[in-house]
Amino acid sequence: MTRFTIAAAQYPIAQLESWQAYAAKLETWVAAAAAGGAALAVFPEYGAMELAALDPATMGDLAGSLASVAALGDRVDALHADLAARHGLHILGASIPARIEDRFVNRARLFTPTGKVGVQDKLVMTRFEREEWHVSASAPLRLFETSLGKIGINICYDGEFPLLARAQVEAGMELLLVPSCTDTLHGYWRVRLGAQARALEGQCYAVQAPTVGEAAWSPAVDVNRGAAGVYGPPDTGMPADGVVALGEVDAAQWLFAEIDLAKVAALRATGGVLNARHWAEQPGAGRLPPVEVVDLR
């Protein structure tokens, strides 16, 4: 399959009253993505932090919210796996804090309809994550072989650093997913411009999916700004500005867009420019980070 529809979430953070409310919300969102014809649904960075509301004793505390949400990780993953199988689509779940020994990392998971799961942790932490929240970086960088194509994930800030996506391109990446969580339009535009630059450099598609809305009860995701976007290189067969689809800023919605990965191969072979091929000609271009290829087919 080279041509398929992506649904990118502009996902509203809610103060949930129960696990059942969370499960019902997620079911509604995934069902809507499937009804729109999506083969891949992309949720944002830290969307799972709304689960902190289930523990009123810790939801207003940064450290406490990390621990309470991470403790629900297995249950959250089981729900996503069931929804992916039931609705017959791939799902990038909203990233969630995961405990590794005595520290927490920011983890995204890619669920397939056949039950396979790929994991990508965030590699470069923002100032808030490292200085206030004490969320840690983790590795390795991965590329996922799926029935849809070769998919990479750069979680929010990771998408602002070109060598990560470039290493994934060298491993064959055709589609980059950039789940994000930003509390200002400055942050949204930093991630968006990074995603668009990665699409240009790698001659591939990039998809941003943000959190939206206000959650004053949470010190972690209290304000959420942004819009979902699907981007490609501004070259033959793509929009002149590279914007395949763009959502309404701060609205709660799915953004649907059809993409065709055959265009990636064509542009890399015969595009008006050959950025992907000519990367190594930059002065200073050197060794890239290693990429672990994971087969989810």
Side-chain angles (χ1 to χ4, degrees), residues 1-11 29-30 32-34 36-47 84 89-95 108-112 118 120 122 142-144 146-162 164-165 168-169 172-182 187-212 226-234 238-239 241-249 251 253-264 267 296:
M1 176 186 296
T2 66
R3 187 189 298 269
F4 58 90
T5 297
I6 288 178
Q10 296 182 192
Y11 185 76
W29 274 76
V30 173
L40 169 62
V42 183
F43 285 97
E45 178 187 37
Y46 285 132
L89 77 169
H90 290 68
I91 301 173
L92 181 70
S95 78
R109 294 94 56 239
L110 180 61
F111 299 88
T112 74
Q120 178 63 66
K122 192 171 183 177
R142 294 188 168 103
L143 180 73
F144 302 104
T146 76
S147 60
L148 300 178
K150 298 177 180 180
I151 299 174
I153 302 166
N154 285 181
I155 301 175
C156 199
Y157 195 41
D158 282 352
E160 298 179 33
F161 295 90
L164 301 180
Q168 292 167 313
V169 167
M173 181 176 70
E174 300 162 299
L175 172 61
L176 175 64
L177 307 182
V178 187
S180 66
C181 178
T182 53
Y188 156 67
W189 274 99
R190 285 194 296 268
V191 180
R192 174 178 167 176
L193 291 172
Q196 290 188 259
R198 306 297 80 83
L200 168 65
E201 296 157 355
Q203 294 183 284
C204 61
Y205 288 98
V207 178
Q208 182 180 4
T211 50
V212 297
V230 178
Y231 308 110
M238 293 282 190
D241 60 0
V243 179
V244 177
L246 188 63
E248 178 186 349
V249 172
Q253 65 175 83
W254 279 118
L255 174 70
F256 291 93
E258 184 178 85
I259 68 170
D260 186 355
L261 297 185
K263 291 184 178 180
V264 172
L267 286 172
L296 299 183

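Just so you know, residue 1 is the first one in the sequence shown, and it goes up from there.
Aromatic ring orientation, Phe161 versus Tyr157: perpendicular (interplanar angle above 60°, classes split at 30° and 60°). By the 30° and 60° cut-offs, the orientation of the rings of Trp29 relative to Tyr11 is perpendicular.
If you take CD1 on Ile259 and CG on Leu261, they are separated by 4.5 Å, rounding to the nearest 0.5 Å. Note: Glu174 CD to Thr146 OG1 = 8.5 Å, rounded to the nearest 0.5 Å. Expressed to the nearest 0.5 Å, how far CD1 of Ile6 lies from CG of Leu89 amounts to 11.5 Å. Interatomic distance, CZ of Phe4 versus CG of Leu40, reported as 6.0 Å (0.5 Å rounding). In this structure, the separation between CG on Leu110 and CG on Leu148 is 8.5 Å, given to the nearest 0.5 Å. Here Leu143 contributes atom CG and Leu175 contributes atom CG; the two are 10.0 Å apart, rounded to the nearest 0.5 Å.
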Working for side chain to side chain contact (heavy atoms under 4.5 Å, CB included), residues Arg192 and Ser180: CA-CA 9 Å; Arg192 174 178 167 176; Ser180 66; over 6 Å; no

From CA spacing to verdict: side chain to side chain contact (heavy atoms under 4.5 Å, CB included), Val243, Gln196: CA-CA 8 Å; Val243 179; Gln196 290 188 259; 3.9 Å; yes

Go through the steps to decide whether Asn154 and Gln168 satisfy the test side chain to side chain contact (heavy atoms under 4.5 Å, CB included), and finish with yes or no. CA-CA 10 Å; Asn154 285 181; Gln168 292 167 313; 3.0 Å; yes

Just do the side-chain hydrogen bond (donor to acceptor under 3.5 Å, both in side chains) check on Asp158 and Gln120 with the steps written out, would you? CA-CA 11 Å; Asp158 282 352; Gln120 178 63 66; 5.7 Å; no

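In this structure, the side chains of Val169 and Glu201 stay at 4.5 Å or more apart for every pair of heavy atoms.
Across all non-hydrogen atoms, the minimal contact from Val244 to Ala257 is CG1-CB, 4.3 Å. Residues Trp254 and Ala41 come closest through the heavy atom pair CH2-CB, 3.7 Å. Closest non-hydrogen pair, Ala84 versus Thr112, comes out as CB-O, 3.7 Å. Scanning both residues, Phe256 and Ala33, for their nearest heavy atoms gives CE2-O, 3.6 Å. Annotation for Cys204 and Pro233: closest pair O-CD, 3.2 Å, computed over non-hydrogen atoms. Of all heavy-atom pairs between Pro44 and Pro179, the closest is C-CB, 3.6 Å.
Looking only at distances, no side-chain donor or acceptor of Gln253 sits under 3.5 Å from a matching main-chain atom of Ala9. A donor-acceptor pair under 3.5 Å is formed between the side chain of Tyr205 and the backbone N or O of Asp260. Under a 3.5 Å cut-off, the side chain of Glu45 and the backbone N or O of Cys156 do not form any donor-acceptor pair. One N or O on the side chain of Arg109 and one on the backbone of Ala94 form a donor-acceptor pair closer than 3.5 Å. Checked by atom type and distance alone, the side chain of Gln10 pairs as donor or acceptor with a backbone atom of Ala251 at under 3.5 Å. For Thr5 (side chain) and Glu258 (main-chain N/O), no donor-acceptor pair under 3.5 Å exists by modelled atom type.
Looking only at atom types and distance, the side chain of Tyr231 has no donor-acceptor partner in the side chain of Arg198 under 3.5 Å away.
With sequence neighbours left out, Leu200 forms a side-chain contact (heavy atoms from CB on, under 4.5 Å) with Pro234, Asn275. Remark: Arg190 engages Glu160, His186 in a side-chain contact (heavy atoms from CB on, under 4.5 Å) (not counting sequence neighbours).
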